[in-house]
Each structure stands twice: as C-alpha cells, then as structure tokens.
Participant: 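For reference, the structure I am asking about is given below.
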Protein chains: 4
Amino acid sequence: MPKVVPDYRNQARETITESASKLIFKSGFQDTGMDEIARNIGVTKGTLYLYFPSKAALLAEACRRNMTILESTMQKAFDGDISKGIENFIVNELSLPDYVKFHWIVAMAEINKSPEIKKILVESYDGYVSILTSFISKLKKLGLVSNSPDPEIVAKKLIAFHNGILLSVMLGESAENAISLFREGVSAILQAPTPKP
Amino acid sequence: MPKVVPDYRNQARETITESASKLIFKSGFQDTGMDEIARNIGVTKGTLYLYFPSKAALLAEACRRNMTILESTMQKAFDGDISKGIENFIVNELSLPDYVKFHWIVAMAEINKSPEIKKILVESYDGYVSILTSFISKLKKLGLVSNSPDPEIVAKKLIAFHNGILLSVMLGESAENAISLFREGVSAILQAPTPKP
Amino acid sequence: MPKVVPDYRNQARETITESASKLIFKSGFQDTGMDEIARNIGVTKGTLYLYFPSKAALLAEACRRNMTILESTMQKAFDGDISKGIENFIVNELSLPDYVKFHWIVAMAEINKSPEIKKILVESYDGYVSILTSFISKLKKLGLVSNSPDPEIVAKKLIAFHNGILLSVMLGESAENAISLFREGVSAILQAPTPKP
Amino acid sequence: MPKVVPDYRNQARETITESASKLIFKSGFQDTGMDEIARNIGVTKGTLYLYFPSKAALLAEACRRNMTILESTMQKAFDGDISKGIENFIVNELSLPDYVKFHWIVAMAEINKSPEIKKILVESYDGYVSILTSFISKLKKLGLVSNSPDPEIVAKKLIAFHNGILLSVMLGESAENAISLFREGVSAILQAPTPKP
DNA sequence: CATGAATGAGTGTTCATTCAT
DNA sequence: GATGAATGAACACTCATTCAT
C-alpha cells in the first residue's frame, strides 16, 4: 500500500472500518477492543487514532458501512425477477455469516447509547422502507399485490415481519422454517384485501 | 424498607432487579455498572452481592422478570374478549415502560455471550409460542381463523411480526402507526388462505 | 452452653480461637475469612467482634495458643525416656496434620507485618530454647553429650536444624528421609567435640 | 530510563521484579498491591500488566530471581578457597539485603496456594542440593570430610541446618551468633563419624 | 505515518468492620 | 448476647486514549 497514493487515507479508513465491522458484529461492540481491530489488520492501536477520533466514531462508520451493504443487497435482490424478489432476499440473507445477518440486532442494542447511532439506524430504516416501497409499487402495477391503498404501509409491514423472522432465527428457529414462515407471511401480507378502517 | 418484613430478602431482590432492569435497558448491560445499579436505589455496591452472586446472575434475573411480565401481559390479553385478544395485547404492551417492553432486545445482544441468557430467551420464546398456539386453536374453533393447517405455524408468524413491529417502534415508528400496522398484519396472517406448498 | 456461667466469655474466646487456629494454619491468615471462622462454629461474623477487637487480635491469640501447645508437646517429649526425647519429638511432630506441623512457617510469613506477631514468635523461640537448654543440661549430666561448654548454644543449633528439616519436608523430602536426616544430624551436633574458637 | 535501549523490556521487567521483591518481602504477597509495586518505581498499575500477565506471574518471577541470586552466591562461595567455602557462603548471604535472603520464607507461605511457586521452590531446593553435593564430594576427596557414605545426605543436612539458621536470624538471633552457630554446626555435621543404621 | 509504552479512570468482586434490631 | 444487613475501602485487572519517539 504505497503511502503516496492520493486517497491513501480513504483506503486506510476503509481497511479499518471493514476490520471493525467484522469484529464488532461477531463479538459485539463492547467486547471488541481497539487492540483487536488493529491487530486484525496488522497495525497497532495508535494507528487507528490517526484515522478515527474515537472508538464510537469508528463504530458509527462501521454501522453506516454495513447498512449500505445491506441496502445494496436489497436493491440487487429486487432488480432481478420481480416476482421472486422478496423471497430471494431472505434466502440470500440467511446464508450470510451470522455476523452480517445479525449485525442489525447488535447495532440496535447500542441505539440508546448514542444519538449518532440512533440517527444511522433510523436513516437506514427509512432507506429500506423507501426501497421496498418503490418495489411494492412496481408489483402493484403488475397486479401482483392486492389493491392495498398505500405501498409504504405494505413495505413497513414486510420489514417488520422480516426483522421478526430474523429474531426467531436467533432464538433457534431453523433456516428452513424461517424461509417457509417468511414466504407464507409475505404472501398473506401482499394479498390481504384492503382493510376497512 | 423495614428489615423485619418476613420476606425482606425477596423484596430486596425485587428492588434490585427492577433497578437493574431500568438501567440495563437504558445503557446496555456492559455500560451499566454495579455501582450505578446500587446508587440508583440508595445502597452501595457491596449490598448487591448479598442478594446476587454476580452481575451476570443479576442480568439473568432481570431478564427472567421482564419475560414473566410480558408473558402475563399476554395471558391477560387472551383471557378477555377473544376476538380482540391479539390487538389488546399489543396495545397493553406498548403502554408498558420502555425498559420492560424493549428489555429483551437488549438481552438479545448478549445472547451469544451467555448460555444462561440464551436459555432464558429461548424458553420465553417457546413459552410465547405455546400460549399463542392454544389461543389460535380457540379462535379456529370459533371460525375466526382461516383453515390454516397448523396453529403453531400461525403463532410463530404472529410472534415474528409482533417482534418486528416492536423493532419498528424502537426505530421511531409511532405507537398509533405500530398498532394500526399490527392490526392489519395480524388480520392478513390470520385470514390468509391455506398455502399450497 | 449456659450464658450465665461466669467465664462464659473465656469459653467463647477459646472456641473461637480454636476455630481460627485450625483454619488459619490450614489456609493461611489472609485466605481465612471472618465469615469462615464464624460459620465453622455455628455463629455469625458479628459475634466474633464481641470477643476480639479485630482479625489481627484473633490471629495473635491463635498464634499464642499454638505456640503454647507446641511448647507443651516439647515438654512432654522431653519428660519421657531422656535418651530418646529429641527423636521422639520429631517423630511425633511429623505425624501431626500439616496445619499443625507447619503453622510455624505460616506464622513466620506474618512476622514483618505486625510487631505483636513478631513478639509472640520471638518469645516462643526463646521458650523453646529455654526448654531445650535445660533438657541438654540434663543430658550433659548423664554424659550423653560431649563436653560442649554451653547447653544453650547446643539448644539453638538443634532448634535451627529441626526447623530446617521441617522446611525440607515442605519442599518434598519424605518423612522417613527427614527422620533419618534429623537423627544423624542431632547426633552429630550433640557429640561434636568442643569447638576451638 | 531511555526507551530506545535494545533490551528495554528486559530492563523494565527487572526493575519491576526488584520492586516487587522488596515490597513482597516487607509486607507479604497478599498485602502488597500492584498499585504499591508500581508507585514504588514511579509508574502506574497498568504498566505492570504490559510486562507481566498477572500478579501471580510477577510473584513467580520475583521468586525465581531471588532464587537465582542465592544460587549464584552459593556457586561463588564454593569457587573460592575450598576449605572456607561453606562459611563464606553464609557470611556472604547474611550480607545480602533482607528482601533477598528472606524472600523465600515468605514464598514458602504461598507454597500450598500456587503450584507454580511450589515448582520454583522445589526446583531451587534440588539445585542447592546438587551444587552442595558436588562441593561435598570435592571436600571428601581432599579428606576434609569424614567418610560419610553419601555426599547428598550430607548436603541435605547442611541445607536444612542453614535454612534453620536463617529462621533463627529472622527471630532475632544476631548475625555473629548465627555465623558462629553455623560454623560449629557445619563442622559437626561434616566431621560426624559414619552413622550405624 | 506509525509505533508502543504509558496512562488513569474504570470494572466487578471481596471482606473486615459496624450497628440497628 | 447474637444477628445479619449494610458498608466502604480495598483489590486485581482492563482498555480507550495519548504522545514522545
């Protein structure tokens, strides 16, 4: 890694963030030491402070990074065969390593500790809602969804259901069960007749 | 706090557990010090060790306590007007203090670190599934549910959906929105036609 | 134990001291808790403070007690067959439980911490020297000792040798080896011709 | 303390070990805090953990260090005028600082609590026996020792006697007395006629 | 830019001692 | 006289952060 490369700093930040991501979402934020993050990429603790002002800032960055990755995973799943998009998404997701597929829950545990983390999570949630909303709209145009009045509401239901299924997996539900529960639930939510308020 | 009360020890344990619950939910398990838990109820750190052998044991107890509260909230909701049971449940739940209703999300973050916590959470999950399963069976007999083959599967879907909605609330969704999303989602899941595998 | 007995306090002190002795010389002073000493005789910690002002005072008393016992053991050994007195002593001693035969070493480790303990140990040493000196004098009159000029000097040599042998046992020397080494050494010391200064 | 010295770490370890030795001898192992050891050399507690993984490891190192010093004192004494070797040894030894010459008595008090300490002490004892045994063999060839059958047995007697004399010094015997007792005792042990079993 | 020695505030836990009952 | 709940100062050990080199 030649040190004269113009965006050397950015590359270094990226290397560090990736190391932090992996370790944090494997062992939790508190149980991941700066030492460990540094050793993992062959530098020393002090170096991290050349690129991040504090551990909290590094967590925030790692969090952002993971949310972005997840968002693009979502985008990709929905770019393919539209009628299979949602199912593809969870199937792919469940095959990811634990530290990726559950990072979200790990991050939630930090939500009350730092307004910055809260902001990142809330923004990510809004991002997912938005991506999914436009996907639902497409489905609706194709007649694959009941004439529910508001795609955003459907999107929020699906996201909630998805997150709940992930929790069930953490609590011991098998991947097959989870996928089958998810498929049926999604179908029920999408096909439900317009509710009468 | 009169020391001659016969079950003084139990009351003391309860006081400590409640204090721990509140603080742990607010700041997370690792960031809540024994000092803080003690000071919060006007005793010193050493006193806590008269009632709990370790911080981990105290966490476990707090966890169990909150799970029990949630379980009895569930039971109560289902004992009333059967057609309103599920909705009642979330309405009641959302009115519980944050540190009760969200505590278990915080606990989830510890699930990989402590087998005892994992056991408590898994058992609680199984307990919820079982309570809800028998409730669904009743609904089915009353014809309030589609002829879905397996009440347990319906129960698991509902629990996942419910948990996901709670996460949404943590992420900023308002209680009204949450209740309305929940009502519609539950109805969709209950009324869904038998899936064809 | 009727509490009106006039020297109830003395009996209680004795009971406590004995409990402390056993535990202290089994596990060491620091590793024996007041709780343990109390529980061992079926009372609670607070009770000990009715009879001793501090743990240090209790240690001192226990120390004194043990020294006295050892002194009388010595006296007894030397009251019997005079020509076998010294060997009898170590044979008997080595058959005692570790916590009795090594209590001396345990106490030595505390010698720098408390002037009171130092005083007790020094006085005990002087006591042993004195007992042994008069025993040597008797042996001398019987012609069983070389005409060494000073029984006290012989006594001090024997005590040093004896203590050293005990240390060897702690370091792994077997009891048989120890006894045989002791017997030969004692004989050498007793029979040595008067040294020429 | 220049930090660029090549074996800075070794020097630092040595500094710490010496500080620990002094304090442990003075106050005992349990009563010497890491804080105290650190403050004594002008660093903070945390620093000690850069060089030793635990207090027990530091004790072990201090123990080893002192044993080595004693061993080399012994070697040196025996390399000089052979007929004066043993006496030289105790004279030299008694001039060492208290925390070196008595340290191992303090260590004995830990012998039942730590297998590592026990190993160090036993190995040191065996080392002393071995050094002294070969010295006795030399003396024997020179005719300076009675024809006692086994130099190792003589060595063990001498070591026991020596250790006992050290204890006497701890109990208040003056250095002169100790040296004179030791000289006479050694002479008696070396010159003793072969015992008849 | 990178190091790694050093820090210092923090952690959970223990335990001799006190005192209201 | 005896209890046992409570204390508080101590402990070994950790770790994010700093800074001279």
Side-chain angles (χ1 to χ4, degrees), chain A residues 1-4 8-9 12 29-39 42-59, chain B residues 1-4 8-9 12 30-38 42-59, chain C residues 1-4 8-9 12 30-39 42-59, chain D residues 1-4 8-9 12 30-38 41-59:
Chain A
M1 219 195 296
K3 303 186 183 183
V4 288
Y8 175 67
R9 278 193 70 82
F29 181 58
Q30 306 272 359
D31 288 352
T32 303
M34 292 299 263
D35 248 333
E36 205 182 345
I37 296 171
R39 209 180 320 118
V43 298
T44 58
K45 224 172 9 177
T47 304
L48 303 188
Y49 288 87
L50 297 174
Y51 299 95
F52 293 93
S54 70
K55 193 186 175 191
L58 179 48
L59 168 70
Chain B
M1 219 194 296
K3 303 189 183 180
V4 288
Y8 176 70
R9 281 193 69 82
Q30 309 259 10
D31 287 349
T32 303
M34 292 299 263
D35 249 332
E36 204 183 344
I37 296 172
V43 298
T44 60
K45 219 168 17 170
T47 303
L48 304 187
Y49 287 90
L50 297 175
Y51 300 94
F52 295 93
S54 69
K55 193 187 175 189
L58 177 49
L59 168 69
Chain C
M1 220 194 294
K3 303 188 184 183
V4 288
Y8 175 68
R9 279 194 70 82
Q30 306 271 0
D31 289 351
T32 304
M34 293 298 264
D35 247 332
E36 204 182 346
I37 296 171
R39 209 177 323 116
V43 299
T44 59
K45 224 169 14 173
T47 305
L48 304 187
Y49 287 87
L50 297 173
Y51 298 94
F52 293 93
S54 70
K55 193 187 174 189
L58 178 49
L59 168 69
Chain D
M1 220 194 292
K3 302 187 184 181
V4 288
Y8 176 70
R9 281 193 70 84
Q30 309 258 12
D31 286 351
T32 303
M34 292 298 263
D35 251 331
E36 203 182 345
I37 296 171
I41 49 175
V43 298
T44 60
K45 219 175 7 178
T47 304
L48 304 188
Y49 287 90
L50 297 175
Y51 299 95
F52 294 94
S54 69
K55 192 186 175 189
L58 178 49
L59 168 69

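For clarity, every value in this text was computed on a predicted model and none was experimentally measured. Within every chain, numbering begins at 1; the chains are lettered A, B, ... in the order of the sequence lines, protein sequences first and strands thereafter.
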Participant: A:L50 has a side chain; which of E:dT13, E:dA2, F:dG1 sits nearest to it?
Facilitator: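 Minimum distance to the A:L50 side chain belongs to E:dA2.
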Participant: Rounded to whole Å, please give me the gap between CG in C:D35 and C1' in E:dT13.
Facilitator: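 Spelled out: CG on C:D35 to C1' on E:dT13 is 15 Å.
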Participant: Starting from P on E:dG10, measure out to CD on B:Q30 and report it in whole angstrom.
Facilitator: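 From B:Q30 CD to E:dG10 P: 17 Å.
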Participant: So what's F:dT21 paired with, Watson-Crick or G-U wobble, going by both distances under 3.5 Å?
Facilitator: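 Paired with E:dA2.
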Participant: Let me spell it out: for each of C:M34 and D:Y51, pick the nucleotide of DNA chain E with the closest heavy atom. Which residue's pick is nearer the 5' end?
Facilitator: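 The answer here is D:Y51.
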Participant: With a 4.0 Å cut-off on heavy atoms, is C:F52 in touch with a base, just the backbone sugar-phosphate, or nothing at all?
Facilitator: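 Touches nothing.
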Participant: Can you see which heavy atom on C:Y51 is nearest to which on C:R9, and at what distance?
Facilitator: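 That would be CA-NH2, 3.7 Å.
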Participant: Locate the shortest heavy-atom distance separating B:T44 from B:A38; write the atom from each residue and the value.
Facilitator: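 That would be C-CB, 3.6 Å.
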Participant: Within the structure, does a side-chain N or O atom of B:R9 lie under 4.0 Å from either OP1 or OP2 of F:dG4?
Facilitator: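 No, outside the criterion.
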Participant: So, for C:E36 and C:D31, which heavy atoms are closest and what is the spacing to 0.1 Å?
Facilitator: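 Shortest heavy-atom contact: OE1-O, 3.7 Å.
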Participant: Would you mind classifying the nucleic acid contact of D:G46 as base, sugar-phosphate or nothing, using non-hydrogen atoms under 4.0 angstrom?
Facilitator: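 Base, at least one base heavy atom under 4.0 Å.
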Participant: Using the closest heavy atom to pick a nucleotide of DNA chain E for each, name whichever of C:K45 or D:T44 lands nearer the 5' end.
Facilitator: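 That would be D:T44.
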Participant: From C-beta outward on A:S54, which listed nucleotide comes closest to its side chain: F:dT17, F:dA2, F:dA5?
Facilitator: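 Closest nucleotide among those given: F:dT17.
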Participant: Map D:E36 and B:L48 onto DNA chain F by nearest heavy atom, then report which one ends up closer to the 5' terminus.
Facilitator: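 That would be B:L48.
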Participant: Using whole Å, report how far OH of D:Y8 lies from P of E:dT3.
Facilitator: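 After rounding, the gap between these two atoms is 19 Å.
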Participant: To the nearest 0.5 angstrom, please state how far the NZ atom of B:K55 sits from the CE atom of B:M34.
Facilitator: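 Spacing of NZ (B:K55) from CE (B:M34) equals 7.5 Å.
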Participant: So, for C:S54 and C:Y49, which heavy atoms are closest and what is the spacing to 0.1 Å?
Facilitator: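 Heavy atoms of C:S54 and C:Y49 come nearest at CA-CE2, 4.2 Å.
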Participant: Establish, with yes or no, whether the OP1 or OP2 oxygen of F:dG4 is under 4.0 angstrom from a side-chain nitrogen or oxygen of C:Y49.
Facilitator: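 No, C:Y49 has no side-chain N/O under 4.0 Å of OP1/OP2 on F:dG4.
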Participant: Just name whichever nucleotide pairs with F:dG8, Watson-Crick or G-U, keeping both distances under 3.5 Å, else none.
Facilitator: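 In the structure as shown, F:dG8 has E:dC15 as its Watson-Crick or wobble partner.
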Participant: Could you give the CG-to-P distance, from B:L58 to E:dT11, as a whole number of Å?
Facilitator: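 Between P of E:dT11 and CG of B:L58: 15 Å.
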Participant: For C:T47 and F:dT3, is the shortest distance between a side-chain N/O and OP1 or OP2 below 4.0 Å?
Facilitator: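 Yes, within the criterion.
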Participant: Rounded to the Å, how far apart are B:L59 CG and E:dG12 P?
Facilitator: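 It works out to 12 Å between those atoms.
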